[in-house]
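What follows is one structure encoded as C-alpha cells, with my remarks underneath.
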Amino acid sequence: MELSEPVQSGLQRLADPGCFSARAYAALLQAAFGSLLGGQADQASLDHPDLEHIDPAVLKYCHAAVATCIVEAGKHRAERSAISTCLEDCKFDRERIEQFCTEYQKNKDSLEILLGSVGRCPLHITDVSWRLEYQIKTNQLHKNYHPAYLMTLNVESSDSRSHPDLNFSCSMEQLQDLVGKLKDAAKSLERTTQL
C-alpha cells in the first residue's frame with residue numbers, strides 16, 4: 001500500500017501524541033470513517049469536543065490523510081499486517097495501530113461496498129430535454145422578469161446500472177456559455193481523432 005508524501009506527513013502528525021491525544025485520535029478516526037461511510041459533511045464530523053483545541057488547518061489536513069489511508073486500504077483490500085506496516089512507517093505506536101485496524105475491520109465490508117459502487121466509466125449523455133421558465137415574481141414578491149432554462153440530461157453508464165437524470169437551471173448566458181464549451185470540446189476531439 002503506497003501513500004503519497006503529503007498523506008504520510010499528515011499521518012505522522014496524527015501519530016504524534018503531543019499533537020493528538022488518545023481521545024482526539026479516536027475522535028478523528030471515528031470522524032474519518034463517518035465522513036466516508038456515513039456521508040456526513042466534513043465540518044460536522046470534525047465538531048467533536050475532543051478536537052476543539054486542535055488548529056482547524058491541521059485537523060483538516062490530518063482528516064484528509066487518514067481518510068486517504070482508509071480508502072487506499074479498502075481499495076487494495078489490505079490485510080491487518082499491511083496496514084500495520086504502513087502505519088509503523090508513519091511512526092504510529094502499537095496502541096494507535098491496533099485502534100485503526102480494529103475500526104477498519106469493523107467498517108471493512110461497508111467500505112468495500114462503497115468503493116464497489118463507484119463506477120469505472122463516466123456517464124454518457126443520451127438525451128437532453130429543456131423547457132423555458134419565465135419567473136415573474138420571487139417568493140418575496142419582488143418583480144423578477146428573468147427567463148431561465150430548466151435542463152434535464154438523460155444519462156446512462158456502461159455498467160447497466162440506472163442513474164437518475166441530471167437536472168439543473170441556468171440563464172440564457174450560462175446556456176450559451178455551456179453550448180460554446182461543448183462545441184469547443186467537440187472540435188478538439190475531432191482534431192485529435194484526425195491526427
Do Ile113 and Leu37 share a hydrophobic cluster, counting only Ile, Leu, Val, Met, Phe, Trp and Tyr and linking them when any side-chain heavy atoms are less than 4.5 Å apart?
-> no
CG (Leu153) and CG (Leu166) are apart, to the nearest 0.5 Å, by 5.5 Å
With a 4.5 Å heavy-atom cut-off, do Trp130 and Leu150 have their side chains touching?
-> no
About how many Å separate CD1 of Ile125 and CG of Asp165, when rounded to the nearest 0.5 Å?
-> 11.0 Å
Those residues that, when tested against Phe168, pass ring-ring contact (aromatic ring centres under 6.0 Å, His included) (two or more places apart) = none
Would you indicate whether the side-chain heavy atoms of Asp55 and Tyr61 approach each other to under 4.5 Å?
-> no
Is it true that the NZ or CZ of Arg96 lies under 6.0 Å from the centre of Tyr25's six-membered ring and within 45 degrees of the ring axis?
-> yes
Residue pair Glu88 / Ile97, side-chain heavy-atom distance below 4.5 Å = yes
Min side-chain heavy-atom separation Cys69-Leu87 under 4.5 Å = yes
Is there a donor-acceptor pair under 3.5 Å between the side chain of Ser9 and the backbone N or O of Glu5?
-> no
Which atom of Ala32 lies closest to which atom of Val66, heavy atoms considered | CB-CG1, 3.4 Å
Dump the intermediate steps for salt bridge (charged side-chain N to carboxylate O under 4.0 Å, His left out) on Glu190 and Lys187, then the final yes or no.
-> CA-CA 5 Å; Glu190 190 175 313; Lys187 286 179 188 175; over 6 Å; no
Could you tell me which non-hydrogen atom of Leu132 sits nearest to which non-hydrogen atom of Pro147, and how far apart they are?
-> CD1-CB, 3.9 Å
Between atom CD1 of Ile54 and atom CG of Leu28, what is the distance when rounded to the nearest 0.5 Å?
-> 7.0 Å
Side chain to side chain donor-acceptor pair (under 3.5 Å) between His63 and Ser35, intermediate numbers included | CA-CA 10 Å; His63 179 269; Ser35 64; 3.2 Å; yes
Taking the side chain as C-beta and beyond, is there a heavy-atom pair between Cys86 and Leu3 under 4.5 Å?
-> yes
Which heavy atom of Phe92 sits nearest a heavy atom of Leu14, and at what distance?
-> CZ-CD2, 4.2 Å
Got a sec: does the CD of Glu133 have more than 12 other heavy atoms crowding it under 6.0 Å?
-> yes
Gap between atom SG of Cys62 and atom CG of Leu11 - 0.5 Å precision | 8.0 Å
Looking only at heavy atoms, what is the nearest atom pair of Glu72 and Glu2, with distance?
-> OE1-O, 4.1 Å
Between the main-chain N or O of Gln30 and the side-chain N or O of Glu103, is there a donor-acceptor pair closer than 3.5 Å?
-> no
Candidate pair Thr102 and Arg80, rule side chain to side chain contact (heavy atoms under 4.5 Å, CB included), full reasoning | CA-CA 9 Å; Thr102 302; Arg80 193 178 197 97; 3.8 Å; yes
Nearest non-hydrogen partners of Ser169 and Ala148, listed with the distance | OG-CB, 3.9 Å
To the nearest 0.5 Å, atom CG of Leu182 lies from atom CG of Leu178 at 4.5 Å
Can you see which heavy atom on Cys101 is nearest to which on Ser84, and at what distance?
-> SG-OG, 3.9 Å
Counting N and O atoms only, with roles assigned by atom type, does the side chain of His48 sit under 3.5 Å from a partner on the main chain of Asp50, one being a donor and the other an acceptor?
-> yes
Just wondering, more than 12 heavy atoms not from Gln105 lying within 6.0 Å of its CD?
-> yes
Between atom OG of Ser171 and atom CD of Gln176, what is the distance when rounded to the nearest 0.5 Å?
-> 8.5 Å
Stepwise, does the side chain to side chain contact (heavy atoms under 4.5 Å, CB included) test hold for Leu175 with Met151?
-> CA-CA 9 Å; Leu175 184 59; Met151 307 294 297; 4.0 Å; yes
